[in-house]
Amino acid sequence: QVQLVESGGGLVQAGGSLRLSCAASGRTFSSYTMGWFRQALGKEREFVAAISRSGASTDYADSLKGRFNISRDNAKNTVYLQMNSLKPGDTSVYYCAANTGPGLRSRFDYWGQGTQVTVSS
């Protein structure tokens, strides 16, 4: 089992950037595919990005390609989400998640508590 703790959220103006971090507990971080999801108020949770165990492969929601970048540091048990050119529509709670399935979008079984990102216009 893995425990996930997100950080780095906050208030930013439109056009700005934020980097979210997700620290994982345990010694087997590199055995998990990691992902980021977000949920805006009153909306369903949506996929943002995922990264393979080694970091060699990534996957993004089509609408976010080019603005968001996911990366990981297995030595630090941490996954990151760099968010650039932020828009008010990016305002959401962002969740880190882990899966042990075969694919980047396999079911995610472990979730963090979320971090709020608010983008002002």
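- Under the 3.5 Å distance criterion, with hydrogens and angles disregarded, a donor-acceptor pair is assigned to the side chains of R53 and T33.
- Hydrophobic clustering of Ile, Leu, Val, Met, Phe, Trp and Tyr side chains at less than 4.5 Å, counting indirect connections, unites W111 with V93.
- For an aromatic pair to be called close, the ring centres must be under 6.0 Å apart, and F47 with F37 satisfies this.
- Between the T115 side chain and the G9 main chain, a donor and an acceptor come within less than 3.5 Å of each other.
- Remark: R72 qualifies as a cation-pi partner of F29 under the 6.0 Å distance and 45° angle criteria applied to the six-membered ring.
- N99 is not listed as a side-chain neighbour of Y110, based on a closest heavy-atom distance of 4.5 Å or more.
- For the pair E46 (side chain) and R38 (backbone), a donor-acceptor distance under 3.5 Å is absent.
- Between the side chain of Y60 and the main chain of I70, a donor-acceptor pair closer than 3.5 Å is present.
- Of the possible donor and acceptor atoms, one in the side chain of S54 sits under 3.5 Å from a partner among the backbone N and O of A56.
- A distance of 9.5 Å separates CD of Q13 from OG of S121, quoted to the nearest 0.5 Å.
- Going from atom CE of M83 over to atom OH of Y94 covers 5.0 Å, rounded to the nearest 0.5 Å.
- At least one side-chain heavy atom of L18 sits less than 4.5 Å from a side-chain heavy atom of V117.
- Of the options V79, L81, L104, a side chain to side chain contact (heavy atoms under 4.5 Å, CB included) to I51 is made by V79 and by none of the others.
- Atom CD of Q3 sits in a sparse spot, with 12 or fewer heavy atoms from other residues, nucleotides or ligands closer than 6.0 Å.
- Remark: side-chain polar atoms of E6 are paired, donor with acceptor, to backbone N or O of Q113 under 3.5 angstrom.
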Should N84 and S17 be marked as a side-chain hydrogen bond (donor to acceptor under 3.5 Å, both in side chains) after you check the CA-CA gap, both sets of side-chain angles, and the distance that decides it?
CA-CA 4 Å; N84 300 321; S17 297; 3.0 Å; yes
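- Criterion: ILVMFWY side-chain heavy atoms under 4.5 Å apart, direct or through other members. Under it, Y95 and L20 are not part of a common hydrophobic cluster.
- Distance alone, capped at 3.5 Å, places no donor-acceptor pair between the S30 side chain and the T28 backbone.
- Side-chain atoms of Y80 and R19 form no donor-acceptor pair, as typed in the model, at a separation below 3.5 Å.
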